Each structure stands twice: as C-alpha cells, then as structure tokens.
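Below is one structure, written out as structure tokens; the observations come after it.
Computed from heavy atoms alone, side chains included, the values below leave out hydrogens, waters and symmetry copies. Below, chains carry the letters A, B, ... as their sequence lines are ordered, and counting in each starts from 1. Computed from a prediction, not measured in an experiment: that's the story for all the values here.
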Amino acid sequence: MEHIRTPKVEQVRLLDRFSNKFTNGTLYLTATHLIFVESSSNNSTSAAQEIWILHHHIASVEKLSLTTTGCPLVIQCRNFRLVHFVVQRERDCHDIYSSLLRLLRPVSYQELYAFSYNPKQNDQQREEGWQIIDLGAEFERMGVPCDQWQLTNVNRDYKVCETYPRDLYVPITASKPIIVGSSKFRSKGRFPVLTYFYQEKKAAVCRCSQPLSGFSARCLEDESMLQAISKANHNSRFVYVMDTRPKLNALANRAAGKGYENEDNYSNIRFQFVGIENIHVMRTSLQKLLEVIGTRSLSMSDHLVGLESCGWLRHIKAVIDAAIFLSKAVTVEGASVLVHCSDGWDRTSQVCSLGALLMDPYYRTIKGFMVLIEKDWISFGHKFADSVYTIYSTWCDQLDGDPKEVSPIFTQFLEGVWQLTEQFPQAFEFSEWFLLQIHEHVHSCQYGNFLGNNQRQREDLRMRERTHSLWAYLMSEKQNYLNPFYSLAYSETHPVLEPSTLPYHFKFWRNMYHQFDRSMHPRQSILKTEEVGEEATESTDTERKVEGSSGSESRKQSYGDVCVARGSCRSVCDNLLFTQWS
Amino acid sequence: MEFAELIKTPRVDGVILHRPFMPTVEGTLCLTGHHLILSSRQDNAEELWLLHSNIDSIEKRFVGSLGSIIVKCKDLRVIQLDIPGMEECFNIASSVEALSTLDILSLMYPFFYRPMFEVIEDGWNSFLPEDAFKDLETMTDEWRLSDVNKDCTVCPSYPPLVAVPKDVDDDTLRKVATFRHSGRFPVLSYYHKKNGMVMMRAGQPLTGTNGRRCKEDEKLINATLRPGKRGYIIDTRTINLAQQAKARGGGFESEANYPQWRRIHKAIERSNILQESLIKLVEACNDQSHSMDRWLSKLEASNWQTHVKEILTTACLAAQCIDREGASVLVHGTEGTDSTLQVTSLAQIILDPACRTIRGFQGLVEREWLQAGHPFHHRCAQSAFSNSKPRQEAPVFLLFLDCVWQILRQFPCSFEFSESFLVLVFDHAYASQFGTFLGNSTAERAKLSLPEKTVSLWSWVNRPQELERLTNPLYEANSLVIWPSVAPQSLLLWEGVFLRWNRSSKCLDEAYEEMVHIIEYNKELQNKVNSLRRQLAQLETEDPLLQTLE
C-alpha cells in the first residue's frame, strides 16, 4: 500500500476507444486493482458502470501530453482491454501513473495476487481443488502403462530434465542409459517421452526438443530411443518425426550445434517439417494485428489488408494444419509420431495438444480440456511465466520474465480451439466463454496454475499450499461455460474431427481481441441469460457488471451480459453523422 | 414448339454428375425446354433438376472421347457432368447454351409452370400500394395516393399509384417529373410512426451545368417538412460524381434553392463496379489454393465487404436522421433505382420492426424493390460467372440481402425469418419458376400479364409448411430500432451464399437442428411449468385446509 499515493481521483473521464463518447466517474487505486466507477448521476436508469482492472493484467501504462480536458492516461491490458482515461489534474494523473508503474513491478513471486487471493476456502477445500486434475489417472485413461509403455522414475528428482514433470512415460525397451544418453543429445535435456496414446491403434504421440546434431553429430542412445518408440507400435514400420519449425530455421540451428534428425542415422523414421514460425514472429504478428484493429474508423480495406499482412490467421492455420497432420498420421495410418521444435515447449505444445483434441473427444469436454492444458502445457513446461507476463512491455525484468521470451503461443492455441468450435458447433462441451476465461486467468496471476515455468519451480514455490487452483474455480462455475449445442452422440459418431483448413474457414476472433469493446459485439446473443427493457438498452455498450479477475464477484461477467443488448445501440451511428459534417 | 429446335440431343445415358461434398451420381441426362435433369432412375436416389435460366455459363472439356461440361449457376453452384461421346457432349453443351440465354420473357418457365400446391392467398394481390396506403392513413392524413402515373407515362418505372404530400396536386407532380431523372419525382418511401418523420426517394434532379431549378420540385419536398424544421438529402454518390453528373444533365440540389435541406454525399458504387466486385469475390471463394494470404488479399481486392459496409453505413445514416435527429430525409443517387433503394429499404429494416417479419419483409421487397422499379430483369440477367461483357447486370439486390443478413447476424432474435429465407429470395431473384422477379417494372409486369399468367413467389412462401421452414426459431418481436455495428470487425462474409457450395455444412446444419430442438423443448417445459402453476393456484384456492394454514 505504500506505493499508492492517491487512492481516489474524482471527475475522471473514460473515453470510448472507437467513438467520441465518454463517461465520467471516479478512479480508485487499491493494492490489487484499478477501479473505475461511473458517476451515478450520468444514467439514473441503470446501475453505475464499474470496471475492475487487475494490476497484473496491465501490460503498459502511458501518460500522454496534457490536453484541454485534462491529462490522458492510456492503459493497455493483456486481456486486450484498452482503457483511455482523462484525469483533470496533471498531478493526480502523475500520481496514479507512478503508483501503477510501481505496483506493476512485483519484485518477487510473493507479491503476485495468487499469494494473497483468498476465495474463502479452507485448506482442505484448497487441497481438493488441486486434486481435480490427476495426470496419472489421465495416462491410465489412455491405457498407459501397458505392455509397451511404462512409467519411468528417471526424472523423479528432476535430475535428467528439470523442465519436465517427475512422472514420465517411455517405451518399455528404453532403458535408463538410453534415456539419459538421449537426454544429453537433446536441447535442455528434453528427451522423447509419451504425451498421448491412441489406444485403438496403439500409436503414440511423443514429444521432445531438437537434437544436438549440429552438422554431423549422432547419438546412439537417441537413435535407440526412437527405435524403441517405433518398436512399441506394431501397426507401423516407421515413426513420423515432425519438426514443427520451418526448414530454414532448423538448418540455421545446426550452426549452433543443434538441428534436426538425419534420416540416414535413424532407422525407420519419416522426417517432416511443418513450418510454424517462431515465438518472435508470432509476437510481432499479434502486435501488428492489435495495431490494425485498434485503429479508429478503420476501413474495410485496411482491415483486410491488415489481417493479411500481420499474418496472424496464416499462423493459426499453420498450427492447425500441423495438428491435422499429426492426427491423421496417428488415427488413419496408425503410426506413432514424435513432435519437436527447438526447445519443445511452444510449438510442440500447440501441435500435441491440438492434435490430441482432434483425436480424442474427451479433451473436448470441460474436464478433459483442463487435463489437456495441465498435461501438454503446464506439466511439460511451457514457460508461462516468461511468455505471458510481458506481452507488450518490458517491465518484468525482475521476475523470471524475459521480454524476448514473451509470446502469445498459448493464446494461439486457444484461438485454434475456437476456430475448431466454429466448424464443429456440437463437438465441444464448453463454449467460447470458457476459452476466454482461461485466457483471462493465464494472465491474472490470481491462481497458482500458470505461475512459474515448470513443475519444479511450482513445487519450490509450494504453489499447492499457498495458492488456489483455477480448475476448481472453473469447475464450480461449470454451468456458465456449457455449450448448449454439445452432443455426446456427436462425439461418439465423430471421435476424430477432420476440420477443413481452407483459408475462408478461419475467422477473426472478435470476442477475444475485442472482448471489452462492446460496440463491436453482436447486439443480441443466442446464449442469452437475461432480458432487459427498453430503458436499459440505451446504454448497451457499457459494462454494468463488475468485471475482471476478482474471483467470486465476477460470477456474471461480460459474456453473459452481451445479450443484454436487446435493442438500440447508438454508439456507431452517432459518429456517422458528425464525421459527415464536421 | 421452338424449344425442340434448340434441343439437339434430348437424352444421354451414362452421365456422371460431380458436385462438391456430395457423392457422384450416374444416370440419364435429359433436356427439356426449361430444365436440365439428371436421374439415376433409382427410387431412392436424388434427382437433379436445374432450370436453364439458373445457368450462368458453361464450359466444355475433353479427355479422349469423354467430354465434360462444367455448369456454373447463378446461385453460384458449380457442377460437372461427364458425358460419354464427343458428339453428345457438344450437342448438350450447345443446347444448354442456347436454352439458358433465351432472352424472350414470354418463353420463361414461370409462364409454363403450374403449381403443384394449393394457392391459399394469391401473392400478386398481397402487397398492393392501396393496401399499404390504408395502413399509412391510420397514422397520418398528410399524404394522399396519387394516380397521376396510372398509365405509367409520367414515370415508366413507378407503379400506377404512389404516395405524395397531400397539398401537392397532380399537375405539380407532372412538372416535377420532368425535372427528375427518368421522371422519378419524390415519393413517400417510409413514414416513421414514432415521430412522424418521413423518408422519400427520387431520381437525381436534372439541374445540368447551368443550374436549372424547378419551383414545383422545391415546393413538393418542402411540403414534407414541419414548420421551422430542416430535412436531409442523402445523395448516395460522392460529391465528385454528383458534380460530373451535371455535365450529362443530372446534378444535385443546391443549397441556394433548397435552403431548408442539408445535403450529405455518400459513396455507394455504381452497378458496373458492383458487378465486377461480385465476379472477383466469387472467384476468390472458388479458389481452392490453400494460402491464407492469397485468400485475404483476393477478398480485399474484390471490395465486396467495402460495399456492404458503405451501404449499411448510409442506411444507418438515413435511419439516424429520421429517428435520432427527428428530421425527414430524401434519398437519391442517379436513377433512383439502385443505391437509393438499398438505402431506403435497409433504413426500414433498422427502423421498422414490421419489416423484420416474414410478411413484412415480402412487403418491403414489393414496395421498395419491385414496385419501386428496380430493373430485376436487367440486373439479374447474369450473375458471377458470366463471360460476356456486363451490360446492365449488377448484384444490387444481392448486396441488399447481404446487408440484411449482417443485421440479422447482429440481432439474431429480432427477425422472424431465418437466413434461409434470404437465400431463397436471392435464388428466386436470379432464376425461378415464379413470376415475381420477372420484368423491370410494374408497367412491364402488367404488359406481360404476369399476375394472371404466372404464380407469385409469395403464394408459395406463405403456406404453413414453407413458413415453418423459413421461420427463425429465436424470434421474439422486438419493437425497437436496431442499430447495427458497421465496424469492419463486425461485418462478415455471407457464407450461406458465397460458400454455400464450397463447404460441407453438415455440422452447422446439425447444430441448427439441435438449436431448434432445444427451443422447442424449452417451450414445452415452459408450458408444463405454467400449467402446473395454474393447477397449484387452483388447488390452493380450493383447499380450505391450506388456506387456514396460511
């Protein structure tokens, strides 16, 4: 609290991002949130609008130069919210600005919201919350261990690979020396392990990092490891090795002593590049996308040109294309597949998880989707701490966060899932809102799940004892995330999804990137939850419910609220007229 | 019979039909005067019946002695027929070509079609101007129905009866007609019950380069203003185009002569540009190369979405002037038969809940398109696949339907009809067994005796079984004005039309079915709840013991 110089500023103006509209209200600064409360005198017919912004969500704060109405403060959030305040007095603005800058910079994990957040649960409830997802049970569900695959204790103390979980599944013929040898030949020690087992054909999806092959190095243990994976599947004489990088990138890595598998050295492999770009390209792409869609009075032509030139949808398509390749190799050919990229925690996680989602209806349920994220993202060491904490700015240097590592890889995964839900409306138990809520909390630092970069770090931080699990919260809210079109029968008749990746099937995900820009949303939603009369519809594009990651109070968040707009909405039209004449 | 001369080969066996996302069908191909028919001659197999008038273009391909013809339809479907034998293939192709390009209206299928259903209500009489005027009379007495155009000489593209300000006599109308493009003097398009404001439409004023004026014209449109009020003239053209029109005798209302009116210029493109846009868009949609960049750049280059945005924006502007500014509006472009109608009809969709019902929408299409003289015969002669140089073809009406679909997407509960109704209207505007969209104007339709000799599309639509299919299960009457978002992020490609044949819609259709089931089930349960509540209330009043307990 000592960082907060001015806890309350009155007569603050909140400007609409895309029109000339604004609302007046009061700004409050708390230890965890920045809160804007609309002055009730503005609109007596509806409840005052409140916006809650969690400090952790704030990516950047910018103080613009003084204008006649006051001092503008622009705050950009990681959940793609952008708010533009105008504070009357320059000094107040500066106080808020510098307080926020200070608050945005936690010096240690202990200062993250998750460690102070308390949803009124006792220790037992907290513990139960963490037990909802059990990866051991998940491998059992897949039919592992079995006669070809076993649990290995080689990484019990994180000695072989510190970014992997303790429990790993490998072919029975992969002995400890083979595992250790292979791990030494793989970047960051991330040797090939099982992530999904397709019981019907006994085909396995394995993941790892790139081999340290350089221009000519080989490793017999690594070759034996792949041989062991191949032998564990009697349905196919070969293993696909999917390098998810563009060939050029993989070639360049050879100069650094890394690279890709040489087909001559490995017996029975089929090597394949699939060309997903690296995290830096993805980061730039998203930045460009946000720039384009943030433009005021954007023309259709600039919108489409922007969509094309930012490349975002092209990247999403590339990820889904790779997942389809994986799914087909496993389900149609019955072949096992080894997936890797460079370190095996970004593109590899995307492709393995989306591939499994296509193959296995279980992952399309609410619980199954949590399991999938827990398995392919959290436990296999996707660097959430690095990739999430600093999407736009570089303030986070004192945590683990390295701005060069920041990238919207997980956001891309969620978008890939959303694109699939658009093609298969009946195949998923959850609605879009579930994906948005997960995205919200990946960035909120309110729950322990996504803190840290890997299991080992989380254990060191005693996350399970000191924080709460997001999955427990989402489970308790399950009703809000159900997709009314979900059909169990559909999953039975369509266990494997075969999406089309013709370009026109990919759409701009408005509800993600414009989630907080009401004027962009459909005025009525099929998933309506409440109805309001004519008076209330006048302010349809304002937010009346408490929003943001504030736990139980966010029970009814914006999504259910979209439907409130059952009538007129003047935001768009107002400007048409004035731009004409002014 | 003339058709027989055009049909060189009436029948070929062993023809194979290829359609995307459907199994191939082998069968017999037959040509009749109006149809191309393919039947597998098996009881359960589906038959293909294609109207010749639906065929936009055909191509021939030969591999050895196997010929194929690729038939591209006005509803944007593309099918392939493999025909054994070179000669047969040639004959079929040239016959189809001749039959599909017949430009004699009286030989069109609607004149031969006999309905297989019982006509409950004759659609030709469902939306007469005099009936629409009766509704108006219940709201205001400031307008009258003039028959100045009864023999369609004052304005050939207007219907015999039009609504005009009460104080303006027929002589004045005749004079005004000479001052407006194609005689299209300002007439009432819409009366906004809420505040009594009106929307009128007209052709451009013929001011020419020397600034001709017409006192009667000024008087006519001023007669629609309340004392002390100003109105808005929405010219759908850019100021530059409007200026250029002066050189050809056209022009726009100058501030000096129309001081009570404020003129706003918008930029809705002319028909030849729209046609080009449609061709490019459909080409992009049919490009099966898998590159995202190529798709997006082709979509952008087609400009289709830009047109959608511009038309919607202009319609919102007109609606806003009326509803928010409380001002009357006059809309015109050049002729007043294309962009003008897009704007006036869409503004009514936004403002008037009645236009969002199935019947109301039919009325809107009748009033603002058919009776208002949109030249359907010229505009819909060809669609996106035409190889010939476009003459007067243009997807003006399709763009209107696209815009309605955009609003429907944003207000999924406010329309009584579903997307399939819009698609159906699109299909029938281009090729139909019904006479509704034949001809260019009411006068032409009367001359062809269409109401007597053909069946109206509305006669077919307005039967319970069809209505049920076209009804939006989510509909709940919404009496409000509905303002759509026109941000590019809010406007989508109309997949139901442009990707209809290029995607497998099975999953989407099944989900739609599911939605219908859920809504029906929900209603059922609601009824159950209500009846149980009633029972409970009844029991409570009947049971004295319960009453004493309370």
What part of [X] gets closer than 4.5 Å to chain B, counting heavy atoms only: side chain, backbone, both or neither?
X      : answer
A:Y504 : both
A:S487 : neither
A:S301 : both
A:R510 : side chain

Answer key: most heavy-atom pairs under 4.5 Å with chain A among B:N303, B:L296, B:D293 is B:D293
Counting heavy-atom pairs under 4.5 Å with chain A, the top scorer among B:H517, B:M292, B:Q288 is B:M292
Check your understanding: How are the rings of A:Y481 and A:F434 set to each other: parallel, tilted or perpendicular (split at 30° and 60°)?
Key -> tilted
Classify the angle between the aromatic ring planes of B:W304 and B:H307 as parallel (below 30°), tilted (30 to 60°) or perpendicular (above 60°).
perpendicular
Assert top hit (heavy-atom pairs under 4.5 Å, partner chain B, pool A:E422, A:H505, A:K507) equals A:K507
Interface check, chain B: of A:A318, A:P425, A:G311, most non-hydrogen pairs under 4.5 Å belong to A:P425
Check: Quick check: does any side chain N or O of B:K309 sit under 3.5 Å from a backbone N or O of B:V486, one acting as donor and the other as acceptor?
Finding: yes
Please look at [X] and chain A and tell me whether the side chain, the backbone, both or neither of the residue comes under 4.5 angstrom of a heavy atom of that chain.
X      : result
B:S505 : neither
B:L299 : both
B:S289 : backbone
B:E310 : neither
B:D323 : neither

If you apply the rule ring pair (Phe, Tyr, Trp, His ring centres under 6.0 Å), what do you find for B:H332 with B:F252, and how did you get there?
CA-CA 9 Å; B:H332 70 73; B:F252 51 86; 8.7 Å; no
Hey, are B:R500 and B:E495 close enough for a salt bridge, meaning a charged N less than 4.0 Å from a carboxylate O?
-> no
Between B:R263 and the options B:I234, B:I239, B:L330, the side-chain contact (heavy atoms from CB on, under 4.5 Å) test singles out B:I239
Between A:W418 and the options A:W509, A:F506, A:W433, A:F430, the ring-ring contact (aromatic ring centres under 6.0 Å, His included) test singles out A:W509
Exercise. So, for A:H494 and A:Y490, is the gap between ring centers shorter than 6.0 Å?
Worked result: yes
- For A:F516, is the NZ or CZ atom of A:R81 found under 6.0 angstrom from the centre of its six-membered ring and inside 45 degrees of the ring axis? yes
